[in-house]
Amino acid sequence: MQERLSPPRRPIRELPDELISQIAAGEVIERPASVVRELVDNALDAGAQHVVVRLMSGGVRSIVVEDDGMGISPSELPLALRRHATSKIASLHELEQVGTMGFRGEALAAVASVSEMSLISRTQDAPHAHALDARSGELRPAARAVGTTVEVRELFFSTPARRKFLKSQATELSHAVEAVRRHALARPDVAFSVWHEGKWVAQWKATSPMERITDVLGNDFIGASRALQVQAGPMQLSGQIGHPEAARSRSDLQYLFVNGRFVRDRLVSHAIRAAYEDQLHGSRQPSYVMFLQLPADLVDVNVHPTKIEVRFRDGRAVHQAVQNAVQDALAPSRAHVAVSPVSAPVEPNEAGPLLPTQQGLDWSRPGPLHPAPTAQSAMALLESAWSPNPWLGRPSAAGIEPLQPSPKSDEPLGHAVAQIAGVYILAENAHGLVVVDMHAAHERIVYERLKAAFSEQDQLPSQPLLVPHTLAATAVEVATAEAERDTLMALGLDVAALGPATLVVRSRPAVLPQADLTELTRSVLSDLQTVGSTRVVERTRDGLLATMACHAAVRANRRLSLGEMDALLRDMEAT
Ligand code: ADP
Ligand code: MG
């Protein structure tokens with residue numbers, strides 16, 4: 001047996017100050033861009049109206065940030081460099097109400113521990129500026145106007161391991177510019193400029209929030225997005241939400257600000273993503289700028305050293321508000337859903353069964369709609385779309401209907417010309433040809449109807465089955481059905497266990513008289529199983545409705561008449 005080698009025992013010691021700062025720096029300062037972020041945060045906290053960032057070698061050789069803020073008095077200059085020294089909070093109570101970008105008193109100490117740093121600063125009442133060299137501690141008179149200049153040279157010179165992780169100058173520069181861009185979006189009232197190697201890189205003049213978004217993200221983004229401005233309880237949401245068709249392959253155009261701070265938040269990004277539902281193809285990423293403003297006591301900003309994450313007191317309310325707001329913002333553009341350029345790759349035929357025929361769906365029933373309180377505009381749109389369906393007015397429209405030849409159609413989606421590969425509708429509008437994914441289009445329409453029916457009485461009307469439908473089920477499906485019985489009922493599905501491996505369906509959603517019950521039940525159960533708990537079901541209700549819609553929508557290879565296709569196009573435009 002091998003003898004166990006224990007490491008030599010060493011005495012417990014307190015770490016030296018410098019090392020503590022270097023360890024802290026490891027968390028806060030990852031690359032030049034992190035320094036830029038911290039220094040600009042400080043400038044903004046000092047009330048600066050102009051912030052200038054000068055970089056050399058992508059910021060590795062030097063980062064200089066100049067501001068015209070309130071400055072630091074000479075007696076406090078050395079303190080500014082001390083760890084846990086801050087002018088921004090003095091108590092736990094103040095931490096909970098904090099409105100400044102900084103409050104940890106860590107950044108300058110951390111940066112100073114991994115670079116050569118100096119501060120030059122002048123306050124309003126000082127006759128001249130003072131410069132402090134962080135390494136030597138030397139304080140000497142200097143010249144500059146009121147404000148502060150922080151110089152950071154040779155970042156990570158003392159921590160070569162970290163330095164090795166740096167990427168090319170160009171990459172570091174782009175990260176640094178991105179850091180300023182985020183600040184620029186958050187603070188349109190402040191002017192920013194960025195220089196690299198003495199050359200001008202970016203400049204944003206003080207302006208209105210809308211102009212600033214345009215200046216930072218460009219006209220293309222503005223042209224392909226919609227404004228959002230909503231008050232939801234104590235929360236205020238504003239920003240620009242990109243059209244689904246302007247979605248990108250990367251998530252590089254997603255800006256979320258919580259109380260003026262750029263953050264990443266899975267809850268909010270999930271809510272935004274959910275608002276797009278099936279309007280985004282595959283892994284496409286939506287683009288957006290969203291500003292969430294809420295009382296400081298409803299959000300904890302002290303959960304991450306770089307403050308890139310926050311914790312909401314009522315995450316569910318935030319999720320709901322964001323999803324509703326984005327849905328509303330997108331609603332008027334939904335006619336664009338699933339419209340792809342003619343060059344879109346035509347997917348191979350899915351040899352699916354012929355599913356529900358339209359005649360079975362009683363969509364024509366005009367009924368009063370009660371708008372959901374937070375989705376008024378979407379509901380208003382739906383209301384106007386809830387007109388007798390031409391399709392159903394002519395239930396015999398199984399054959400080909402005479403086409404109204406109108407090549408210069410002014411309907412946005414034009415008129416159907418043909419069905420391609422059993423999957424797409426080819427239509428002609430005033431601008432040319434459009435291809436509509438028939439299943440996606442129909443799914444959306446069914447989805448909106450389900451949603452409308454649901455919001456009318458907070459459940460889907462159900463229709464008892466004359467002959468109960470039984471299906472084979474796994475043990476998990478049976479358990480889920482029993483645990484989620486109420487939710488299933490609310491969705492119009494009366495599902496019960498008939499044995500350890502059999503489920504019986506006794507009623508179905510009245511709005512989906514033709515959907516395949518086995519498939520519908522299984523997919524809803526699978527959703528519920530993933531969600532896991534009834535408490536969160538409401539949040540995913542729309543997801544459940546979407547699943548149901550998917551199963552009820554026309555499948556590939558179902559032949560549609562031109563009339564049916566046109567009706568689908570008109571419904572699309574309305575939805
Ligand atoms: P924090 O921002 O969390 O307070 P920092 O280490 O970033 O911690 O800064 C320490 C202190 O130095 C700040 O609280 C502030 O008083 C002062 N300070 C730093 N940068 C500036 C600046 N650009 N203008 C005025 N004061 C500054
Ligand atoms: Mg700071």
Side-chain angles (χ1 to χ4, degrees), residues 17-18 20-30 33-54 63-92 94-115 117-126 129-134 137 139 142 144-152 155 179-180 182-183 186-187 190-193 259-263 296 301-308:
D17 232 53
E18 170 92 2
I20 299 176
S21 292
Q22 284 168 337
I23 290 171
E27 283 184 328
V28 189
I29 308 300
E30 187 196 351
S34 337
V35 176
V36 171
R37 178 195 64 224
E38 293 294 336
L39 298 185
V40 176
D41 270 359
N42 281 347
L44 295 173
D45 283 346
Q49 289 304 298
H50 295 87
V51 179
V52 181
V53 179
R54 299 178 199 279
I63 299 165
V64 178
V65 175
E66 301 167 13
D67 69 55
D68 57 355
M70 66 177 83
I72 309 170
S73 66
S75 61
E76 289 188 345
L77 270 175
L79 258 182
L81 293 179
R82 293 284 302 276
R83 219 160 13 90
H84 310 311
T86 179
S87 58
K88 297 167 195 175
I89 55 167
S91 65
L92 182 62
E94 285 185 4
L95 171 61
E96 282 162 1
Q97 298 293 325
V98 72
T100 49
M101 305 299 285
F103 54 81
R104 299 168 62 99
E106 244 175 20
L108 290 186
V111 176
S113 75
V114 291
S115 70
M117 184 165 102
S118 67
L119 299 178
I120 308 163
S121 194
R122 178 174 173 184
T123 52
Q124 187 71 60
D125 51 2
H130 283 81
L132 174 70
D133 181 86
L139 188 67
R144 73 149 289 159
V146 172
T148 304
T149 301
V150 181
E151 294 188 16
V152 176
L155 187 64
V180 185
R182 292 171 184 172
H183 280 109
R187 292 296 303 272
V190 175
F192 296 86
S193 58
N259 290 349
R261 184 180 272 115
F262 176 88
V263 299
V301 293
N302 185 32
V303 293
H304 191 279
T306 65
K307 311 179 196 86
I308 187 79

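In this text the structure is predicted, and so the values were computed from the model without any measurement. Both ligands and their constituent atoms are indexed starting at 1 by order of listing.
- In summary, an N, O or S atom of Asn42 is located under 2.8 Å from the Mg ion (ligand 2).
- Of all atoms in ligand 1, listed by their number and element, those nearer than 4.0 Å to a heavy atom of Gly102 are 2 (O), 3 (O).
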Determine, stepwise, if the pair Met101 / Lys88 fulfils side chain to side chain contact (heavy atoms under 4.5 Å, CB included).
-> CA-CA 9 Å; Met101 305 299 285; Lys88 297 167 195 175; over 6 Å; no
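- No N or O atom of Ala109 sits closer than 3.5 Å to an N or O atom of ligand 1.
- Contact analysis puts Gly105 in contact with ligand 1, with a non-hydrogen atom separation below 4.0 angstrom.
- Summarising the geometry of Gly69 relative to Val146, their closest heavy-atom pair is O-CG1, 3.5 Å, with the distance given to 0.1 Å.
- Here Ala46 has side-chain heavy atoms under 4.0 Å from ligand 1, and that is the only part of it that gets that close.
- Summarising the geometry of Gln49 relative to Asp68, their closest heavy-atom pair is N-OD1, 2.7 Å, with the distance given to 0.1 Å.
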Dump the intermediate steps for side chain to side chain contact (heavy atoms under 4.5 Å, CB included) on Ile23 and Ile20, then the final yes or no.
-> CA-CA 5 Å; Ile23 290 171; Ile20 299 176; 5.8 Å; no
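- Of all the heavy atoms in Arg104 and Lys307, the pair that sits closest is CD-CE, 4.0 Å.
- For ligand 1, the polar-atom distance check finds no N/O of Asp45 at less than 3.5 Å from any of the ligand's N/O atoms.
- Protein heavy atom nearest atom 6 (O) of ligand 1, with residue, atom name and distance: Leu108 N, 2.9 Å.
- Taking every heavy atom of Ala85 and a limit of under 4.0 angstrom, the matching atoms of ligand 1 come to 10 (C).
- Counting heavy atoms closer than 4.0 Å to ligand 1, residue Ile72 contributes side-chain atoms (C-beta onward) but none from N, CA, C or O.
- Atom-to-atom distance recorded for Ile63:CD1 and Met117:CE is 11.0 Å, nearest 0.5 angstrom.
- Close approach to Thr86 involves these atoms of ligand 1, each under 4.0 Å from a residue heavy atom: 1 (P), 4 (O), 14 (O).
- Contact annotation: Lys88 has at least one heavy atom less than 4.0 Å from an atom of ligand 1.
- Of the protein's heavy atoms, Ala80 CB, 3.5 Å lies nearest to atom 12 (O) of ligand 1.
- In the candidate list Leu39, Val51, Thr148, Thr148 is nearest to atom 22 (C) of ligand 1, counting heavy atoms.
- The protein non-hydrogen atom at the shortest distance from atom 15 (C) of ligand 1 is Ser87 OG, 3.5 Å.
- Heavy atoms of Asp67 found under 4.0 angstrom from ligand 1 belong exclusively to the side chain.
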Apply side chain to side chain contact (heavy atoms under 4.5 Å, CB included) to the pair Ile29 and Glu106, showing each step before the final yes or no.
-> CA-CA 11 Å; Ile29 308 300; Glu106 244 175 20; over 6 Å; no
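- Residue Arg104 places a heavy atom less than 4.0 Å from ligand 1.
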Glu151 and Ile120: CA distance, side-chain angles, deciding distance, side chain to side chain contact (heavy atoms under 4.5 Å, CB included) verdict = CA-CA 8 Å; Glu151 294 188 16; Ile120 308 163; 4.0 Å; yes
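- Residue contacts with ligand 1, taken as heavy atom pairs separated by less than 4.0 Å, involve Glu106 solely via the backbone atoms N, CA, C and O.
- When all heavy atoms of Gly71 and Thr123 are compared, the closest pair comes out as C-CG2, 3.7 Å.
- Remark: side-chain polar atoms of Arg37 are not paired, donor with acceptor, to backbone N or O of Ala179 under 3.5 angstrom.
- Val28 and Pro305 get closest at one heavy-atom pair: CG2-CB, 4.3 Å.
- Considering only non-hydrogen protein atoms, atom 7 (O) of ligand 1 sits nearest to Asn42 ND2, 2.8 Å.
- The two residues Thr86 and Phe103 have their closest heavy-atom pair at CG2-O, 3.8 Å.
- Inclusion of Gly71 in the set of residues having an N or O under 3.5 Å from an N or O of ligand 1 is not warranted.
- Contact annotation: for Ala48 versus ligand 1, there are no heavy atoms closer than 4.0 Å.
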